[in-house]
Visitor: 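This structure is in structure tokens; I'll ask about it shortly.
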Amino acid sequence: MTDAAALPGQPRGGVLDGPATERAINVLAPNASPMTLDGTNTWVLSEPDSELAVVIDPGPLDDVHLRNVVDTAEKAGKRVALTLLTHGHPDHAEGATRFAELTGTKVRALDPALRLGDEGLAAGDVVRTGGLELRVVPTPGHTADSLCFHLPADRAVLTGDTILGRGTTVVAHPDGRLGDYLDTLRRLRSLTVDDGVHTVLPGHGPVLDDAQGAVEYYLAHRAHRLAQIETAVEDGYRTPSEVVAHVYADVDRSLWPAAELSVRAQLDYLREHGLI
């Protein structure tokens, strides 16, 4: 058995549901799949002495799960006062409208189409609820509307799909762009170096206790994939599907459609930089 401490980002073992830091509790949605790993992580955040909570990514439209999120907050003596979204993919955001009905909360997101209420989210915003402070970090790349949330009090960052607890994420072409994603990873590395962030609370998979190690692994992985794809094109593999079959031959074929999105984004990047 592989020691978790030896894996990229030092993922925590054990049950994913439950407390993760002093201020964060995970409620795991029952939507496990090859793309969502164990399911979507819905995060309930609050200051220990506050009666108010913030929920990040209510998850899919599953009434049992959404009510479980509310119950989890109430059992901790909290009332959900605000809902935030890391991005608009259905496994994170589809349940937001129903969740807002259950809790009477507004929904804040970067994309105006996902908001319920007048307030959105933008770079540099600081969200304060019941003494809890979350700093909004723009992290486009996986999607154009992707955001992360820096939780300074726990030296943690909530990453949605930008960094996963296991494996690597998809650059969801054409909305996602590789150049943006590489800039995002460098921005997150700065959080680990300059702001002391050491914990990743991801949208899927286990908590990572080595945020800097996770970011460095993602950067190295992207550089390696880019080199592989550049070489594949030089060797005569031209279409995205041809490149996927060659470069991702050791990856589960059920993941090839998602891999093709990343390949398309990487081919665009290589063309933009005159490398192919």
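Being a predicted model, the structure only gives us computed values, none of them experimental. We're numbering straight along the sequence, starting at 1.
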Visitor: When you compare the side chains of Ser33 and Thr36, does any donor N or O come within less than 3.5 Å of an acceptor on the partner?
Guide: yes

Visitor: Checking Thr40 against Asn31: is there a side-chain donor and acceptor pair closer than 3.5 Å?
Guide: yes

Visitor: Run Arg108 and Thr83 through side-chain contact (heavy atoms from CB on, under 4.5 Å) and show every step you take.
Guide: CA-CA 6 Å; Arg108 296 180 63 181; Thr83 302; over 6 Å; no

Visitor: Side chains of Thr21 and Leu201: closer than 4.5 Å at any heavy-atom pair?
Guide: yes

Visitor: Would you check, one step at a time, whether the test side-chain contact (heavy atoms from CB on, under 4.5 Å) holds for Arg222 with Val171?
Guide: CA-CA 10 Å; Arg222 284 297 165 201; Val171 180; 3.9 Å; yes

Visitor: Report the C-alpha separation of Asn41 and Trp43 in whole Å, then their side-chain angles, then the decisive distance to 0.1 Å, and conclude whether the side-chain contact (heavy atoms from CB on, under 4.5 Å) test is met.
Guide: CA-CA 6 Å; Asn41 294 334; Trp43 292 101; 3.6 Å; yes

Visitor: So which heavy atom on Ala24 is nearest to which on Leu45, and how close?
Guide: CB-CD2, 3.4 Å

Visitor: Would you indicate whether the side-chain heavy atoms of Asp63 and Arg67 approach each other to under 4.5 Å?
Guide: yes

Visitor: Measure the spacing between CE of Met35 and CG of Leu164 and express it to the nearest 0.5 Å.
Guide: 8.5 Å

Visitor: How long is the gap from CD on Gln10 to CG on Asp210, to the nearest 0.5 Å?
Guide: 4.5 Å

Visitor: Is there a path of hydrophobic side-chain contacts, each under 4.5 Å between heavy atoms of I, L, V, M, F, W or Y residues, that connects Val193 with Leu185?
Guide: no

Visitor: Any pair with a residue in residues 180-190 that passes salt bridge (charged side-chain N to carboxylate O under 4.0 Å, His left out), sequence neighbours left out, goes on the list, sorted by first then second residue, please.
Guide: Asp183-Arg186, Arg189-Glu216

Visitor: Contact between Val263 and Val247 at the side-chain level, heavy atoms closer than 4.5 Å - yes or no?
Guide: no

Visitor: Does Asp71 pair with Lys75 as a salt bridge, N-O distance under 4.0 Å?
Guide: no

Visitor: Measuring from atom CG of Leu191 to atom CZ of Arg155, what distance do you get when rounded to the nearest 0.5 angstrom?
Guide: 12.5 Å

Visitor: Report whether Val157 and Ile56 are members of the same hydrophobic cluster (ILVMFWY, side-chain heavy atoms less than 4.5 Å apart, transitive linking).
Guide: no

Visitor: Once rounded to the nearest 0.5 Å, what's the spacing between atom CG of Leu82 and atom CG of Leu52?
Guide: 10.0 Å

Visitor: Can you give the donor-acceptor pairs under 3.5 Å from side chains of residues 112-132 to other protein atoms, not counting sequence neighbours?
Guide:
unit_1 : atom_1 : unit_2 : atom_2 : d
Arg115 : NE     : Ala109 : O      : 2.9
Arg115 : NH2    : Leu110 : O      : 2.8
Asp125 : OD2    : Ala122 : N      : 2.8

Visitor: Between Asp57 (side chain) and Gly59 (backbone), is there a donor-acceptor pair under 3.5 Å?
Guide: no

Visitor: So, for Ala265 and Leu178, which heavy atoms are closest and what is the spacing to 0.1 Å?
Guide: O-CB, 4.0 Å

Visitor: So, the side chain of Ser146 versus the backbone of His142: is there a donor-acceptor pair under 3.5 Å, distance only?
Guide: no

Visitor: Is any side-chain heavy atom of Ser241 closer than 4.5 Å to a side-chain heavy atom of Glu260?
Guide: yes

Visitor: Step by step, work out the side chain to side chain donor-acceptor pair (under 3.5 Å) result for Thr162 and Thr159.
Guide: CA-CA 5 Å; Thr162 297; Thr159 55; over 6 Å; no

Visitor: For atom CZ of Arg253, is the number of surrounding heavy atoms from other residues, nucleotides or ligands below 6.0 Å larger than 12?
Guide: no

Visitor: Listed by chain and number, what are the side chain to side chain donor-acceptor pair (under 3.5 Å) partners of Glu51, not counting sequence neighbours?
Guide: none

Visitor: Do His87 and Asp161 come within less than 4.5 Å of each other through their side chains, counting heavy atoms only?
Guide: yes

Visitor: Which distance, rounded to the nearest 0.5 Å, do you find between the OG1 of Thr143 and the NE2 of His89?
Guide: 5.5 Å

Visitor: For Leu16, what are the other residues in its hydrophobic cluster, where any two members join if their side-chain heavy atoms are less than 4.5 angstrom apart?
Guide: Leu28

Visitor: Output yes when a side-chain donor or acceptor of Ser50 lies under 3.5 Å from a complementary backbone atom of Ser46, and no otherwise.
Guide: no

Visitor: I'd like to know if the side chain of Asp62 and the backbone of Val64 have a donor-acceptor N/O pair within less than 3.5 Å.
Guide: yes

Visitor: What pair of heavy atoms forms the shortest contact from Ala232 to His246, and how long is it?
Guide: CB-CD2, 3.8 Å

Visitor: Is there a donor-acceptor pair closer than 3.5 Å between any side-chain N or O of Arg238 and the backbone N or O of Val233?
Guide: yes

Visitor: Looking only at heavy atoms, what is the nearest atom pair of Pro8 and Pro11, with distance?
Guide: O-CD, 3.6 Å

Visitor: Are the side chains of Thr184 and Pro140 in contact, using a 4.5 Å heavy-atom criterion?
Guide: yes

Visitor: Show me the pairs that pass side-chain hydrogen bond (donor to acceptor under 3.5 Å, both in side chains) and involve residues 265-276, at least two apart or across chains.
Guide: His173-Asp268, Arg177-Glu272, Asp268-Arg271

Visitor: If you take all heavy atoms of Thr105 and Ala81, which pair is closest and at what distance?
Guide: CG2-C, 3.5 Å

Visitor: Do any pairs count as a ring-ring contact (aromatic ring centres under 6.0 Å, His included) and have a residue in residues 180-221, sequence neighbours left out, and if so which ones?
Guide: His92-His204

Visitor: Quick check against the 3.5 Å criterion: does Glu230 have a side-chain atom that pairs as donor or acceptor with the backbone of Leu226?
Guide: no

Visitor: Rounded at 0.5 Å granularity, tell me how far OH in Tyr248 sits from CZ in Arg225.
Guide: 4.5 Å

Visitor: Transitively linked via ILVMFWY side-chain contacts under 4.5 Å: Val55 with Leu85?
Guide: no

Visitor: Taking the side chain from Thr199 and the backbone from Ala156, do they hold a donor-acceptor pair closer than 3.5 Å?
Guide: no

Visitor: Heavy-atom distance under 4.5 Å between the side chains of Leu158 and Thr86, does that happen here?
Guide: no

Visitor: Side chains of Val215 and Ile163: does their closest heavy-atom pair fall under 4.5 Å?
Guide: yes

Visitor: Working note: Ile276 + Leu267, criterion side-chain contact (heavy atoms from CB on, under 4.5 Å); need CA distance, chi angles, decisive distance, verdict.
Guide: CA-CA 8 Å; Ile276 59 172; Leu267 289 171; 3.9 Å; yes

Visitor: Looking at Arg166 and Pro206, what are the two nearest heavy atoms and their distance?
Guide: NH1-CD, 3.8 Å

Visitor: Say whether, by atom type as modelled, one donor and one acceptor occur between the side chain of Asp145 and the main chain of Gly88 under 3.5 angstrom.
Guide: yes

